[in-house]
Structure formats: C-alpha cells, structure tokens
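Structure, as structure tokens:
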Amino acid sequence: MLKGDDAFKKIIAHAKEYGFIFQSSEIYDGLSAVYDYGQNGSALKNNIKEYWWKSMVQFHENIVGIDAAIFMHPTVWKASGHVDAFNDPLIDNKDSKKRYRADVLIEDHMAKLEDKINKEVEKASKRFGETFDEAMFRKTNPRVVANQEKIEAIRLRFVEALENNNLEDVKKLIEDLEIVCPVSGSRNWTDVRQFNLMFSTQMGSVTEDANQIYLRPETAQGIFVNYLNVQKTGRMKIPFGIAQIGKAFRNEIVARQFIFRMREFEQMEMQFFIRPGEELKWYEYWKEERMKWHTSLGMPNGLYRFHDHDKLAHYANAAADIEFAFPFGFKELEGIHSRTDFDLSAHQKFSGKKLQYFDPETNESYVPYVVESSIGLDRMFLAILSQSYVEETLEDGSERVVLNLPPMLAPIKAAILPLMKKDGLAEKAREVMDNLKYDFMCSYEEKDAIGRRYRRQDAIGTPYCITIDHQTLEDNTVTIRERDTMQQERIHVDEVKRVVLERISFKNR
RNA sequence: GCGGAAGUAGCUCAUCCGGUAGAGCGACAGCCUUCCAAGCUGUAGGUGGCGGGUUCGAGUCCCGUCUUCCGCUCCA
C-alpha cells in the first residue's frame, strides 16, 4: 500500500483507467461528489456486499435481512430526530470567514440577556432576603422586567421567522440585535441560508396535493419501522438482528475525497435487538466481532483501529468507530453504536403503535435496546482498493501494478489465455472457458503477448490466469498462474474448476 | 460556502510574444510468435471543459460558469 496524496491520486487514476469508478455524468462535466461504479467496480462492490451479507445473515441463525424502500413516511424523520438535527439556517461572517448556525447565534444572545436578568434578580434576592424565585416573582427591578419583555419579543420574532422559514427576518433579527462575530468582532454578515442535509422531493403528481418526502439520510429507520413485522413473521427471539444493504442520501455542504464522502452512498448495517441493561455487553461483543470481520480479509496489521466517541449523538449511550488507514489518514469506516431504545420508543410515540417485546424468560414486556453496526460500503470499497494497490519492481527491473485484492472479492476470478491464437489454442481455450464460466467470473483474452495480458489482469486484481499452450493439446494440462507470486503450476484441465473454487472460497479465509 | 491552482486525444504532456493542434503510450485491424508490458504495418480518435467578450484572427487575452485538486469551513 502506498502512502500520501500522491498515492491517493494514483489510486483514483487507476480506478478510472481500469473501469472501477467514473465520475457521474462525466460527459456533462460531472456532478459534484457523485460517482458511478464501472464494470470492474460494480463487480468488486457486489462481492463486498456478498461477503458482508453472508457473514451476517447466512452465518448467523438469529440475523435476518430486509430491503426497505428509500422513500418513507415523512413522520419517520421527525421521530428519528433528523428533521431537527439536519435542518440548519447558516450564516457566514465575511471578515472572519467563519460560519455559524443563525439560530445558535440568536439563542446565545438570548442566553446572555437571561444571564443578565438572573444576576439582577440574584442581587435583589440577597438585598431583600428572599429566595431567587420569590425575587423573580416580584419583578422588583424595572430593568429586569424590561429585559424579560425584550427577550420575549426576540423569542416571538425568532420563532415566527423560523416557522415561516423567513430567513431574511432571521438575518434582520441578527442585525437588529447587533450580534457580532466572536472571532472578528464584526457585524459584516452574509444572508442566512437554509442548509438542509436531507434531500427532498414530492410524492403525488399533482403539485397542490403532493406531500414533501425525503430521500432517507440513513438506512437504519427502515429496519426500526419494520421491527415488529420481522419479529412477528420471523418468530424472532431476543437477541436477534436485522441486516440491510441500501442507498442513503445526504446533501453534504462539502463532499470530497473521492468516494469517501458522497451525496449518494450505500450503507451495510445490522441492528441488533437486545434486552435493556445488556447493551454494553453486546456493544463490546459486536465491536470485537466487527473487527474480526475486517481482519479476516487478510489485510496487514495496523490498518484498523478503534476510536471511541467522547461526544455522543442524541440516540447513543456508547459509540465507537472502526477507523481505517486511508491514504489521507485514519478515517471512519464503520460505526458501532449502542442506540438504547431511542428509535423504537420514538416510533412508538409518534406512530401510537406499541413496539414492545414480550420476553418469555423474564415474563416482561419492554421496548428492546439496540446495538448497531453500520459500515459505509463505498468506504469499504475505497479501503480495499487503496490497500490493494501495489507498485512492484520485479527482478528484471521492470515494473508492474498489482491489485492485491482478497481473491474472493476480485471482479474476475480467472482469465483464460491461449498462448497464441493459432494452432487450435484459441479453440481449446474457449472450451476451457465454457467449462468454467458458470461457476465463477471468467475473462477470455487472446490479443497481445502473454506477458502483457498477465499485467492487464494484475492491474484489475484477477487472482488466477489459466494459460493454454501446445502441451495442453497433447496432455490436457494447463498452467495456472498466481497473481501475487507470479508462480505457475501445471495441472490437469479437469482440476482447474476445483482448484480455483477452493482458493476463492469464503470458508478458507 | 470562502481563498488558491488547474482543465488540450482513453492516459501523460507539447504547441514560444494571438496566426485555424502534435508526440509518446493506449485502443482497434492485420502480420509475427517467444510464458511475464513497451517487435512490424495500417486505422480511428480533438468545434482545446462549456458559454460569452476583445480582435481581421483566440487553445493562447478578459469575464462568467461547470468540474477537479490543495487549504479553511462543515460533517447528531
């Protein structure tokens, strides 16, 4: 694995040149922070999904998979907290170039005024020997009354402006209150702009009747709203998990670093439903399990690390990231969160439907707690790609670029190569190809010198090259060349399928 | 979003002070045949990111715009 900016650029160039990742709508100059997966990229991505899905759903009897829709009832996002957390009116100070949430600036200002009042009241209470509340109630000080009225007036304007989504008023309020930038101390503000991190669209073709709906900003809610359906129909017993792979959308202000942060991205996640009070035990369990999954890919040590969160999200009582050493540094690849009963309780409240589980062991009903594993598929793709990209100098001084992919993830498992076109070698190679292509992804190439074809396969990470030569015609043996060692062995044609399948199997990790 | 830099063939780049674009590699077709890229012949591929302006004339100067990169900012 290469390091540094230079390496990252090479990997991006390689990804494009060999059909892994293209910029979206490239012939129209592209669309910012949106990328398409090409012929090899989509194959690699699908293989990552399959590996994850099998290790979750197929290898665990108590985990099942679903595929929820991207569109969901708008109230889902009120219950989840996204409508509040993802809608920010922002304002920039032109002098300091700092950006603030306009509502926070105003709230801070009100807090300062309130602080003033409290100090006045406190003084009064000491003077008259009253409690704080008594002093407040008497409103002895006219300045206190004036300030309280002022705050109330601000709050009214503020709430009204926000409710009507009147951003000009919000700005005017900031100007009227003479709020200054804490950094530059100036009042040179830009207009207030609404940044909505959720994409929205209308459902219903008649404009007046249409409801605004969102493209889901996370896949988790599709699992939570189906919790009861799956638990009942699958007769699931706690603890159990629901897994899902799917697209999510976030209108990031700045989306950059190739496919690391995109506006449209794919998540692979599993929500594990447990008994309240056992969440930390399961949290630790899944942290270890998930780390094992990553290291089972055979990546070198030291590429992964845990990062425990100090600042917890509104839904979590414990959270850690698994970080990966990307070419641009250690960054989040996966999150493991103890989400408590936040989501199910919220949906219970907003929907009015009971989302509880009767535990036959304890004879109790409760809203289950949740431990979540959520991994960015595109980030996983980037992690594997960047760690697999190797530039080698061979003994003879020549260079080659190899994608050192785990064989089971490689887009193409075997390339079938006749040493040359004539003498019936091509026909024989076709025969071999036809016998293999139903079992794993194969590629056939007869153009160019054999060495060149090996290098091309190296560049897309094909683990095995099957070469048909003159000896094949005599004794039905072929050579099988291994990508990383470049070593060849001669085996019988009938053995090829078994040998390749064995070496690309999940079981042999 | 702000500041800086860049955008010419699939890729890497050239084209001097403004005079209607060129190479290497790659691709494709054919020849050759030698198990680790760069043998031979031929062919295709560009309204110079896009739009506008200045000029007799713009890849080249100016403005706008899109995209990318670097820094800042943002990222429950």
Side-chain angles (χ1 to χ4, degrees), chain A residues 5-6 8-10 12-14 16-19 22-35 80-88 90-101 183 190-193 195 197-198 217-218 220 250-258 260-263 309 311-316 319 328 331-332 335 337 339 342-343 392 394-402 415 417-423 425 446-459 465-472 478-483 485-490:
Chain A
D5 283 350
D6 212 38
F8 192 36
K9 279 184 189 153
K10 280 183 177 174
I12 294 170
H14 190 86
K16 186 191 171 186
E17 190 175 353
Y18 288 94
F22 308 123
Q23 197 182 7
S24 164
S25 320
E26 197 186 296
I27 60 168
Y28 291 100
D29 290 333
L31 184 63
S32 182
V34 184
Y35 292 89
S80 69
H82 285 83
V83 170
D84 292 333
F86 265 21
N87 270 303
D88 298 332
L90 298 181
I91 190 166
D92 291 359
N93 183 272
K94 288 178 188 168
D95 296 315
S96 65
K97 309 278 183 209
K98 296 282 175 195
R99 168 171 295 161
Y100 303 93
R101 281 176 56 172
V183 175
T190 63
D191 286 342
V192 177
R193 282 157 303 180
F195 283 83
L197 277 310
M198 283 197 286
E218 65 172 26
R250 288 185 197 183
N251 206 354
E252 302 280 357
I253 295 168
V254 174
R256 233 185 249 170
Q257 279 169 321
F258 198 39
F260 184 80
R261 176 166 292 130
M262 293 193 289
R263 299 208 162 93
H309 288 208
K311 230 172 56 182
L312 294 171
H314 61 267
Y315 54 73
F328 42 87
K331 291 280 157 95
E332 178 185 356
H337 299 153
R339 290 181 83 125
F342 177 88
D343 300 278
E392 279 183 358
L394 304 176
E395 279 175 17
D396 64 1
S398 66
E399 294 198 351
R400 71 164 184 161
V401 173
V402 193
L417 314 171
L419 191 58
M420 50 183 98
K421 271 186 270 188
K422 57 182 192 181
D423 300 341
L425 293 183
E446 59 182 25
K447 172 96 180 145
D448 293 320
I450 189 72
R452 194 179 191 62
R453 282 178 276 166
Y454 286 149
R455 301 297 170 89
R456 269 206 291 264
Q457 294 301 327
D458 290 342
C465 289
I466 314 298
T467 306
I468 283 76
D469 57 15
H470 286 100
Q471 197 181 327
T472 310
V478 296
T479 61
I480 177 166
R481 167 197 183 264
E482 206 274 329
R483 177 193 64 203
T485 61
M486 298 167 69
Q487 296 296 311
Q488 287 177 282
E489 51 181 314
R490 189 164 274 280

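Numbered from 1 within each chain, the chains take letters A, B, ... in sequence-line order. All heavy atoms count here, side chains included; hydrogens, waters and symmetry mates do not. Here the structure is a predicted model, which means the values were calculated and not measured.
Judged by Watson-Crick or G-U wobble contacts below 3.5 Å, the nucleotide A58(B) has no partner. Pair assignment for U67(B) gives A6(B), based on Watson-Crick or G-U wobble hydrogen-bonding distances that are each under 3.5 Å. Using the Watson-Crick or G-U wobble rule with both distances under 3.5 Å, C72(B) pairs with G1(B). Pairing for C32(B) is absent, judged as Watson-Crick or G-U wobble with the two contacts each under 3.5 Å. Pairing for A27(B) goes to U43(B), judged as Watson-Crick or G-U wobble with the two contacts each under 3.5 Å.
Contact annotation for A33(A): backbone-only contact, meaning every heavy-atom pair under 4.0 Å involves sugar-phosphate atoms and none involves a base. Nucleic acid contact for D469(A): base, since at least one base atom lies under 4.0 Å from a heavy atom of the residue. Residue contacts for I450(A): at a heavy-atom cut-off of 4.0 Å it reaches the sugar-phosphate backbone alone, with no base atom in range. Within the 4.0 angstrom heavy-atom criterion, base atoms lie near E218(A).
Under 3.5 Å, the side chain of R481(A) and the base of C36(B) form at least one donor-acceptor pair of N or O atoms. For C36(B), the base has no donor-acceptor partner in the side chain of R400(A) [N/O atoms by modelled type, under 3.5 angstrom]. Side chain Q488(A) to base C35(B): a donor-acceptor pair is found below 3.5 Å.
Of the possible polar contacts, none joining the D423(A) side chain to the L425(A) backbone as a donor-acceptor pair under 3.5 Å is found.
One C1' atom belongs to C17(B), the other to C61(B), and the distance between them is 12 Å to the nearest Å. Atom name C1', nucleotides U8(B) and U60(B): the rounded distance is 11 Å, in whole Å.
N251(A) has its CG atom 15 Å from the P atom of C75(B), to the nearest Å. Rounding to whole angstrom units, CZ of residue F328(A) and C1' of C70(B) are separated by 15 Å. Taking atom CD1 on I12(A) and atom P on C69(B), their separation rounds to 6 Å, with Å as the unit. Atom-to-atom, NZ of K421(A) to C1' of C31(B) comes out at 9 Å; the value is rounded to the nearest Å. Distance, Y35(A) OH to C69(B) C1': 10 Å, rounded to whole Å. When rounded to the nearest whole Å, the span between CZ of R453(A) and P of A38(B) equals 12 Å. Spacing between atom CD of E17(A) and atom C1' of G10(B) amounts to 8 Å, rounded to whole angstrom units. As a whole-Å value, the separation of H470(A) NE2 from U33(B) C1' is 9 Å.
A sub-4.0 Å separation between OP1 or OP2 of A27(B) and a side-chain N or O of R456(A) is present. Dashed line: the shortest gap from a side-chain N or O of S32(A) to OP1 or OP2 of C66(B) is not under 4.0 Å. Contact annotation: K16(A) reaches the phosphate of C11(B) (side-chain N/O to OP1 or OP2, under 4.0 Å).
Of the candidates R455(A), R456(A), R453(A), D448(A) forms a side-chain hydrogen bond (donor to acceptor under 3.5 Å, both in side chains) with just one, namely R456(A).
C17(B): glycosidic angle within 90° of 0, hence syn.
Residues T467(A) and L31(A) both approach RNA chain B. Their nearest nucleotides, taken by heavy-atom distance, put T467(A) toward the 5′ side.
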